[in-house]
Amino acid sequence: MISFPNPEVEQYFQTYVMKYFTVTSDESRLLFHSNLSGQPNLWAKDLPGGDPYPLTYQNQSGSFIKADPKGQFILADFDKDGDENFHIYALRPSGGKPIKLIEGEADDKFFYSKLTEDGKCLYYVTSKDNPHFLNTRRYDLSTGEDELLYEGVDRSCFLCAVSPDEKHRAYLKMYANTHQALFIQSEGKEEVVYVFPENEVLRIADVTFTGNDKLLFVTNRDEEFSYIAEYTLSTEKVNIVRAFEGEDVSSIHWHEESKTLYILNDLGIENRIYKYLIETGEIQVLDIPTDVVEQSLVTKAGNLYILGRGAVKPHNIYRYINGAWETLTHNVVIGLTEEDLSYPEVITYRSFDGMEIESLLFKAKPESANGYTIFWPHGGPQAAEGKFFRPMFQFLLARGYHIFAPNFRGSSGYGASFMKLVEGDWGEGPRLDCVAGIEWLFKQGISSPERLFIVGGSFGGYMTLLLAGRHSELFRAAVDIFGPSNLFTFVESVPDSWKPMMEQWLGDPVKDRERLTKDSPITYLKDMVKPMLVIQGANDPRVVKAESDQIVAALQEQGTEVEYIVLDDEGHGFSRKANEIKVYTAMAEFLDKHQAHIEIHA
């Protein structure tokens, strides 16, 4: 028989990432953003069949794509090598070189809000002339008139919905990830109307008009878990539409003709979709083809589309039509089946104060297990590690590493109180949750200090650095991927529109100096004695390169073994396939190099 070698790193990274998508109004084409060719670009696919074909050759990332309802153009945005300074462009339906719609400085940001049904006007939010609080504007694509609609003051404001007659606009004022204020601006009225008191701490999301006088939205007011509410503008009354016990409503889509709500719920590690008929109260759980849904939309014809992935399924786009799911893209791990990959176990453990922490445990196949475990604190921090397909995970699992990923306090999907626990406490409760998770691994015999590595990105990179300084006795080596190393420099270097929210999220550098000092990884520099690999995007606007530069320089000066990789054409993440392969190959080599000679028992 022919004997084939184990797959190389490149094989796991031949899957591609799809960040967002849309469909044309007649549903004849699917448009999506992907690094399918190795570089981030826009792609299209004729429906129901056909192969993907490129629309752009910008090789840059974006955040949205929208097809003109009349099929005359496509709107999209692009940044520059991961700097997240998105500018809005138009391109032909067939693609080509985009043209910039609105001029601005290189560091101005433009956020798409809405294209009117007739395709004549674009609503957008921009940092231009108001970098901290943002302005809302309306751009007439036929005349070029650009009108200021709302000037943000004291907090960043985002336009989230416009009524069909364009006489009412709904905005979210952002105080924190757990505190938004919803208000309505109506034509002919100077004062805006707040749906709830502005200072009331609650979450609001996914606002949508269902007519000129009513809008639906998601909120957690007076509840642990978010539910669906309706607001009537003429009476200023709110009523609850639907709630789900123990489940956070994440997003909603309204189909007017059938009076149907499609509801996406967040269960922490996975998602669930419901189809809810408003007039009859009938509700149906849809069996979705993925564990996690990252984007969904409903067309005028009432068809549901989703972009999702699972623990052993890479990103794909699906259509729900005539009661069944149809796979529209065919993104696979080349040469491997789902059975060749590792699906996680869901486990819970008790933390230092008795709080229950839900976690994912990926186990390497018995025949390839090398006896080592990787502890993965997720990013966010107000996010969660779900049943995501991560090429990095599956590649490292194939090399024999187990992976343990806890949803420590502050994670989303577990209720409002749990999510708020990280606000003003980055380095105590979440850190001790991680320590308790590590101790659980030791008690179960899954790992031990000489067989454990810690790897994390973004907030997970911060936690990796903090654990490296405060608990170096618990692991062999660490990998930090763009993690903040000094909370004082971090709070000053975040994007301007984040700064009004930083006090509630993290703290005030003056008032909270003692706590921020205690929670800064660099405070524990002398105790960072284990080998470390640091990875950084040169254009990262969230965790700037200086955060990694300073910790690497300090480690080198004191003699700690440290390796440093800087990617000149990336920001807060990896959009280019070659960079992914480079980084994760180096990570695997680093981990392999720092293994000990241990005896592995089945």
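As a basis for the values below, the full set of heavy atoms in this structure was taken, side chains included, without hydrogen atoms, waters or symmetry mates. Everything quoted here is computed from the prediction, not taken from an experiment. Residues: numbered from 1 along the sequence shown.
- You'll find the side chain of Thr560 stays beyond 4.5 Å of the side chain of Lys526, heavy atoms only.
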Between Lys19 and Glu294, is a salt bridge (charged side-chain N to carboxylate O under 4.0 Å, His left out) present by the stated rule, with each step listed?
CA-CA 8 Å; Lys19 291 178 62 177; Glu294 300 189 342; over 6 Å; no
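- Counting heavy atoms from C-beta on, the side chains of Phe590 and Glu563 come closer than 4.5 Å.
- Judged as a salt bridge (Lys or Arg N to Asp or Glu O under 4.0 Å), and not counting sequence neighbours, the contacts of Asp569 are Arg576.
- Between Tyr462 and Trp426, the ring-plane angle classifies as perpendicular under the 30° and 60° cut-offs.
- Applying the side-chain hydrogen bond (donor to acceptor under 3.5 Å, both in side chains) rule to Asn316 yields the partners Thr329; only residues at least two apart in sequence or on another chain are considered.
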For ring-ring contact (aromatic ring centres under 6.0 Å, His included), just list the numbers for Tyr584 and Phe13, CA-CA rounded to whole Å, side-chain angles, deciding distance to a tenth of an Å, and then say yes or no.
CA-CA 10 Å; Tyr584 295 127; Phe13 291 91; 5.3 Å; yes
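- Within the 4.5 Å cutoff, no side-chain heavy atoms of Asn35 are placed close to those of Ser61.
- With sequence neighbours excluded, no residue forms a ring pair (Phe, Tyr, Trp, His ring centres under 6.0 Å) with His471.
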Walk me through whether Glu473 and Lys530 qualify under salt bridge (charged side-chain N to carboxylate O under 4.0 Å, His left out).
CA-CA 9 Å; Glu473 75 282 359; Lys530 297 296 177 67; over 6 Å; no
For a side chain to side chain donor-acceptor pair (under 3.5 Å) check, start with the C-alpha distance between Gln39 and Asn59, then their side-chain angles and the critical distance, and finish with the verdict.
CA-CA 5 Å; Gln39 300 279 5; Asn59 298 338; 4.8 Å; no
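- Aromatic pair His33/Phe21: centroids not less than 6.0 angstrom apart.
- Phe388 and Phe393 have their aromatic ring centers separated by at least 6.0 angstrom.
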Anything under 3.5 Å between a donor and an acceptor, one on a side chain of residues 373-380, the other on a protein residue two or more places apart or in another chain? List them.
{"residue": "Trp376", "atom": "NE1", "partner": "Glu385", "partner atom": "OE1", "Å": "3.0"}
{"residue": "His378", "atom": "NE2", "partner": "Ser411", "partner atom": "OG", "Å": "2.8"}

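- Thr489 is linked by a side-chain hydrogen bond (donor to acceptor under 3.5 Å, both in side chains) to Glu547, Gln550, counting only residues two or more places apart in sequence or in another chain.
- Inter-residue side-chain proximity for Asn41 and Pro54 is flagged as unmet; no heavy-atom pair is nearer than 4.5 Å.
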Would Asp353 and Arg409 count as a salt bridge (charged side-chain N to carboxylate O under 4.0 Å, His left out) here? Give the steps.
CA-CA 11 Å; Asp353 58 356; Arg409 67 193 66 203; 3.0 Å; yes
Please lay out, stage by stage, how Glu423 and Lys420 fare under the test salt bridge (charged side-chain N to carboxylate O under 4.0 Å, His left out).
CA-CA 5 Å; Glu423 294 179 350; Lys420 290 176 184 175; over 6 Å; no
Return a table of donor-acceptor pairs under 3.5 angstrom between the side chains of residues 355-366 and protein atoms on other chains or two or more places apart.
{"residue": "Glu358", "atom": "OE1", "partner": "Tyr414", "partner atom": "OH", "Å": "2.6"}
{"residue": "Lys365", "atom": "NZ", "partner": "Glu339", "partner atom": "O", "Å": "3.0"}
{"residue": "Lys365", "atom": "NZ", "partner": "Leu341", "partner atom": "O", "Å": "3.2"}

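- Side-chain atoms of Ser448 and Glu450 form a donor-acceptor pair, as typed in the model, at a separation below 3.5 Å.
- A donor-acceptor pair under 3.5 Å links the side-chain atoms of Asn271 to the main chain of Asn265, judged by distance alone.
- Tyr320 and Trp325 have tilted rings, their planes meeting at an angle from 30° to 60° on a 0 to 90° scale.
- In this structure, Tyr20 has its ring center at least 6.0 angstrom away from the ring center of Phe32.
- Salt-bridge annotation for Lys518 and Glu428: present, with a side-chain N of the basic residue lying under 4.0 Å from a carboxylate O of the acidic one.
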